[in-house]
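Since the structure comes first, as structure tokens, the remarks are kept for the end.
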Amino acid sequence: MVPIAAPSPIAANLARVRAEIAAAATAAGRPPGSVSLIAVSKTKPQDDVRAALAAGQRLFGENRVQEAAAKFPPLRAAWPEMRLHLIGGLQTNKARDAVRIADVIQTLDRPRLADALADAIQREGRHPDLMVEVNLGDEPQKSGIPRAEADAFIAACQARFGARLVGLMGVPPADADPAPYFAALAEAARRHGLAQLSIGMSGDFPAAIAVGATMVRVGSAIFGTRPPPPPPPERAA
Ligand SMILES: *Cc1c(COP(=O)(O)O)cnc(C)c1O
């Protein structure tokens, strides 16, 4: 007997998440096509990304520039229409690599990074779309511009990057009702005339779609749970 390959759980998970996105959009009176699904493949092997590509997924999110640089260029050769979003806090010394590989950088969150990205864009002759990340709960361990500085920083980035500054991104505090945080970011996007709103993860994307998310970043609901991140390195005394 010829064994039949089991259908990938990734394909089934993607179908379920897409259906849930469509249902949440319809419930909010929005066209289902107004929400893009970013499949967050951080820590997952290239084969998992291939399975998602085979199931029709084209938008991917990664947290770390080095991991993305190792995983994506060979896939892009086979699927030129795929798009890579960087969604993890970005060090200024990685700005040039980020500009080289990303289609969208969602985590522009401080003036020094804006300087580094502008410089990298000029040197590389390549301009990814950019989004400002706001630290929705002003949590010290998270990236994102503090809320009190967000309006001025967004306006400065719009002046500097023009239409390439496409929207706002945020992650609400883990233990809180995300709805008010999502609504505050949606309001900021409206105030600044920005079309893209990247909010919502595996645990809360329907609530994000209800207030206007145009991109949801879903990892574990598609690719399965991830091992916990390693503890931070010991600080030298
Ligand atoms: C990991 C990550 C996600 C996806 O999280 P899940 O809970 O696995 O869906 C979304 N956004 C950011 C910024 C992340 O780091």
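Computed over heavy atoms, backbone and side chain alike; hydrogens, waters and symmetry mates excluded.
- For the pair L90 and T107, the tightest heavy-atom approach, listed with the atom from each and the gap, is CB-OG1, 4.1 Å.
- Not a single donor-acceptor pair under 3.5 Å links the side chain of R64 to the backbone N or O of G88.
- Hydrophobic clustering (side-chain heavy atoms under 4.5 Å, transitive across Ile, Leu, Val, Met, Phe, Trp, Tyr) groups V132 together with I105.
- Taking a 6.0 Å sphere around CD of Q66, one finds it holds 12 or fewer heavy atoms contributed by other residues, nucleotides or ligands.
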Show me the donor-acceptor pairs, under 3.5 Å and distance only, between side chains in residues 52-59 and residues at least two apart or in other chains.
{"from": "Q57", "atom 1": "NE2", "to": "L37", "atom 2": "O", "distance (Å)": "2.8"}
{"from": "Q57", "atom 1": "NE2", "to": "L59", "atom 2": "O", "distance (Å)": "2.8"}
{"from": "R58", "atom 1": "NE", "to": "E81", "atom 2": "OE2", "distance (Å)": "2.9"}
{"from": "R58", "atom 1": "NH1", "to": "L53", "atom 2": "O", "distance (Å)": "2.9"}

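- Interatomic distance, S220 OG to M201 CE, rounded to the nearest 0.5 Å: 7.5 Å.
- Between Q158 and L194, the shortest heavy-atom contact is NE2-CD2, 3.5 Å.
- Interatomic distance, F153 CZ to E133 CD, rounded to the nearest 0.5 Å: 10.5 Å.
- The number of heavy atoms from other shown groups lying within 6.0 Å of CZ (R164) is above 12.
- Rounding to the nearest 0.5 angstrom, the gap separating the CG atom in N13 from the CZ atom in F223 is 9.5 Å.
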Working for side-chain contact (heavy atoms from CB on, under 4.5 Å), residues S41 and F72: CA-CA 11 Å; S41 48; F72 279 86; 3.7 Å; yes
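- When all heavy atoms of R30 and S34 are compared, the pair lying nearest together is NH2-OG, 3.3 Å.
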Evaluate the side-chain contact (heavy atoms from CB on, under 4.5 Å) criterion for residues L75 and F60: first the C-alpha distance (whole Å), next the side-chain angles of each, then the deciding distance (0.1 Å), finally the verdict. CA-CA 12 Å; L75 296 170; F60 293 88; over 6 Å; no
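- Looking only at side-chain heavy atoms (C-beta outward), I87 and N63 come within less than 4.5 Å of each other.
- A salt bridge links D115 with R160: the closest approach of a Lys/Arg side-chain nitrogen to an acidic carboxylate oxygen falls below 4.0 angstrom.
- The number of heavy atoms from other shown groups lying within 6.0 Å of CD (E139) is above 12.
- In this structure, N135 and Q141 have side chains that are not in contact, with every pair of non-hydrogen atoms separated by 4.5 Å or more.
- Checked by atom type and distance alone, the side chain of R126 pairs as donor or acceptor with a backbone atom of A102 at under 3.5 Å.
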Steps toward side-chain contact (heavy atoms from CB on, under 4.5 Å) verdict (E124, R96): CA-CA 8 Å; E124 292 294 322; R96 199 152 171 195; 2.7 Å; yes
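- Here CD1 of I154 is found 4.0 Å from NE2 of H192. Values are rounded to the nearest 0.5 Å.
- Taking CG of L117 as the reference point, atom CD of Q122 lies at 13.0 Å (rounded to 0.5 Å).
- Minimum heavy-atom separation, L165 to L108: CD2-CD2, 4.2 Å.
- Put simply, L136 and V40 are part of two different groups of oily side chains (I, L, V, M, F, W, Y) that touch within less than 4.5 Å, one to the next.
- In this structure, the separation between CE on M169 and CZ on R217 is 4.0 Å, given to the nearest 0.5 Å.
- With sequence neighbours left out, D119 forms a side-chain contact (heavy atoms from CB on, under 4.5 Å) with R123.
- The cluster map of Ile, Leu, Val, Met, Phe, Trp and Tyr, joined by side-chain heavy atoms under 4.5 Å apart, puts I209 and I222 in the same cluster.
- A chain of hydrophobic side-chain contacts below 4.5 Å, direct or via other Ile, Leu, Val, Met, Phe, Trp or Tyr residues, connects V99 to V65.
- V134 and L113 end up in the same hydrophobic cluster when Ile, Leu, Val, Met, Phe, Trp and Tyr side chains are linked at under 4.5 Å.
- In this structure, G170 and I199 approach most closely via the heavy-atom pair O-CG2, 3.9 Å.
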Please evaluate residues H85 and D129 with respect to the criterion side chain to side chain donor-acceptor pair (under 3.5 Å), reporting the C-alpha separation (whole Å), side-chain torsions for both, the decisive distance (0.1 Å), and the verdict. CA-CA 9 Å; H85 292 238; D129 283 342; over 6 Å; no
Checking side-chain contact (heavy atoms from CB on, under 4.5 Å) for the pair V17/F205: CA distance, chi angles, key distance, verdict? CA-CA 10 Å; V17 169; F205 67 84; 4.2 Å; yes
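- Contact record, A208 with G200: CB-CA, 3.6 Å, taken as the closest heavy-atom pair.
- A side-chain donor from one of Q196 and T214 sits under 3.5 Å from a side-chain acceptor of the other.
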